[in-house]
Student: 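First the structure, which I've put down as C-alpha cells, then a few questions once you've had a look.
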Amino acid sequence: MYPNSVELMREMSAAGIEHRSDTPLEDDNMIDTIRVGWAGHHLPATTILFRVNDRGAHLEVERLGEVAPDKRPQALELLNDLNGTYRWVKFSMDEDDVLTCASDVFLVPEVAGLFGIAAMGRMFDTLDEVYPRLAEVMG
C-alpha cells in the first residue's frame, strides 16, 4: 500500500471518518482503493471510492443513478451546466445512461490527509447540493 494511502487513512481515523480499505497494507498494487460512505440532507447513502497511486487520488462515485430514457437530452444539458459551475467535481453519464461523479487530487504523504479529506468533503457537499437537480432526470 502506498504511503499516501496509509497517511490518508490515518488522518481519516483521527478525524473520526469511517472508511474501509480494499487493499491490504502489505499489498503492492498499482492502485489502492479506500471507500468512504455518507448521506446528506438531499443525497442518499453514497460511497466515494478513492483510487490512490503514488502521486494522487482519483475520487469517484460509480453510480449516482440512472437517467430516465426520455430525459437523456435534459440530463446532458444538466451535466454540462454542472461541469461549468462546479470546477473541482466532474459529472458524466456512461453509455448505459448511468450518472457518475469524479475528481482528481494531488496526494503525497505530507498532505494526504488534508488534501484527501478536503476533496472528499468538497465532493460530498457538491453532491448533496446538486442531487435534487440530478434526481429530476433520473428514472
Student: As an exercise, state the distance from CD of Gln74 to CD of Glu136, rounded to the nearest 0.5 Å.
Tutor: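 One finds 10.0 Å between CD of Gln74 and CD of Glu136.
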Student: Can you find a pair of side-chain heavy atoms, one from Met1 and one from Ser21, that are under 4.5 Å apart?
Tutor: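 With C-beta onward as the side chain, the pair touches.
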Student: Quick check: do Val36 and Glu18 have side-chain heavy atoms less than 4.5 Å from each other?
Tutor: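 Counting from C-beta outward, Val36 and Glu18 never come under 4.5 Å.
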Student: Whether the side chain of Asn83 engages the backbone of Phe91 through a donor-acceptor N/O pair (distance < 3.5 Å, no angle test) should be reported.
Tutor: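 Confirmed, Asn83 side chain pairs with Phe91 backbone.
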Student: Only pairs at least two apart or in different chains count here, so list each ring-ring contact (aromatic ring centres under 6.0 Å, His included) that has a residue in residues 101-139.
Tutor: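 Sorted result for residues 101-139: Trp38-Phe124.
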Student: On a heavy-atom basis, which atom in Ser92 and which in Leu79 lie closest, and how many Å separate them?
Tutor: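 Minimum heavy-atom separation between Ser92 and Leu79: C-CD1, 3.7 Å.
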Student: Could you walk me through whether Leu134 and Leu82 satisfy the side-chain contact (heavy atoms from CB on, under 4.5 Å) test, starting with their C-alpha distance in whole Å, then the side-chain angles of each, then the deciding distance to 0.1 Å, before giving a yes or no?
Tutor: CA-CA 10 Å; Leu134 292 171; Leu82 293 175; 3.8 Å; yes
Student: If I compare all heavy atoms of Gly56 with all of Asn4, which pair ends up nearest, and what's the gap?
Tutor: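 Where Gly56 meets Asn4 most closely, the heavy atoms are N-ND2, 4.1 Å.
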Student: Locate the shortest heavy-atom distance separating His58 from Ala102; write the atom from each residue and the value.
Tutor: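 Heavy atoms only, the tightest pair is CE1-CB, 3.5 Å.
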Student: CD1/Ile34 to CE/Met120 distance, rounded to the nearest 0.5 angstrom?
Tutor: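 Going from CD1 on Ile34 over to CE on Met120, the span is 11.0 Å.
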Student: What heavy-atom pair brings Leu8 and Ala112 nearest, and what distance separates the two atoms?
Tutor: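 Closest heavy-atom pair between Leu8 and Ala112: CD1-O, 3.4 Å.
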Student: Mind running side-chain contact (heavy atoms from CB on, under 4.5 Å) on Glu11 and Leu114 for me, showing each step along the way?
Tutor: CA-CA 8 Å; Glu11 290 291 330; Leu114 176 66; over 6 Å; no
Student: Quick one: do Cys101 and Leu64 satisfy side-chain contact (heavy atoms from CB on, under 4.5 Å)? Show the steps, please.
Tutor: CA-CA 8 Å; Cys101 179; Leu64 285 169; 3.9 Å; yes
Student: Measure the CH2-CG distance between Trp88 and Leu59 for me, rounded to the nearest 0.5 Å.
Tutor: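 Here the interatomic distance stands at 13.0 Å.
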Student: Nearest 0.5 Å, what's the CD1-CG distance between Ile31 and Asp22?
Tutor: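 So the gap between those two atoms works out to 12.5 Å.
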Student: In terms of heavy-atom contacts, does CD of Glu77 have more than 12 from other residues, nucleotides or ligands at under 6.0 Å?
Tutor: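 Count not over threshold, so no.
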Student: Which pairs of donor and acceptor atoms, one on a side chain in residues 39-51, lie under 3.5 Å apart (sequence neighbours left out)?
Tutor:
from, atom 1, to, atom 2, distance (Å)
Thr46, OG1, Pro44, O, 2.6
Arg51, NE, Glu60, OE2, 2.9
Arg51, NH1, Thr33, OG1, 3.3
Arg51, NH2, Glu62, OE2, 3.1

Student: Taking the side chain as everything from C-beta on, heavy atoms only, tell me whether Ile117 gets closer than 4.5 Å to Met12.
Tutor: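 Touching, per the 4.5 Å side-chain cut-off.
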Student: Give the cluster check for Leu107 versus Met30: same hydrophobic cluster or not, with ILVMFWY residues linked at side-chain heavy-atom distances below 4.5 Å.
Tutor: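 Looking at the clustering, Met30 is in a separate group from Leu107.
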Student: Please identify which of these residues, Val98, Val137, Thr100, Leu76, meets the side chain to side chain contact (heavy atoms under 4.5 Å, CB included) condition with Met93.
Tutor: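 Running side chain to side chain contact (heavy atoms under 4.5 Å, CB included) over Val98, Val137, Thr100, Leu76 with Met93 returns exactly one hit, Leu76.
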Student: Same cluster for Val111 and Met9 if Ile/Leu/Val/Met/Phe/Trp/Tyr side chains link at under 4.5 Å?
Tutor: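 Yes, because Val111 and Met9 connect within a single hydrophobic cluster, where side-chain heavy atoms sit under 4.5 Å apart.
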Student: Looking only at non-hydrogen atoms, find the nearest pair between Ser13 and His19 and report the distance.
Tutor: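 Shortest heavy-atom separation between Ser13 and His19 comes out as OG-CE1, 3.1 Å.
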Student: What's the separation between atom CG in Leu99 and atom CD in Glu66, rounded to the nearest 0.5 Å?
Tutor: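 Interatomic distance, Leu99 CG to Glu66 CD, rounded to 0.5 Å: 9.0 Å.
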Student: Give, for atom OG of Ser103 and atom CZ of Arg122, the distance between the pair rounded to the nearest 0.5 Å.
Tutor: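 CZ of Arg122 is found 6.0 Å from OG of Ser103.
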Student: Distance alone, cut at 3.5 Å: any donor-acceptor contact between the side chains of Tyr86 and Glu129?
Tutor: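 Present: a donor and an acceptor within the cut-off.
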Student: Identify the two heavy atoms, one from Asn53 and one from Tyr2, that lie closest to each other, and give their separation to 0.1 Å.
Tutor: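 Taking every non-hydrogen atom into account, CA-CE1, 3.5 Å.
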Student: What verdict does the salt bridge (charged side-chain N to carboxylate O under 4.0 Å, His left out) test give for Arg133 and Asp81, after you've listed the backbone C-alpha separation in whole Å, the side-chain angles of each residue and the deciding distance to 0.1 Å?
Tutor: CA-CA 11 Å; Arg133 293 176 66 191; Asp81 181 48; 2.5 Å; yes
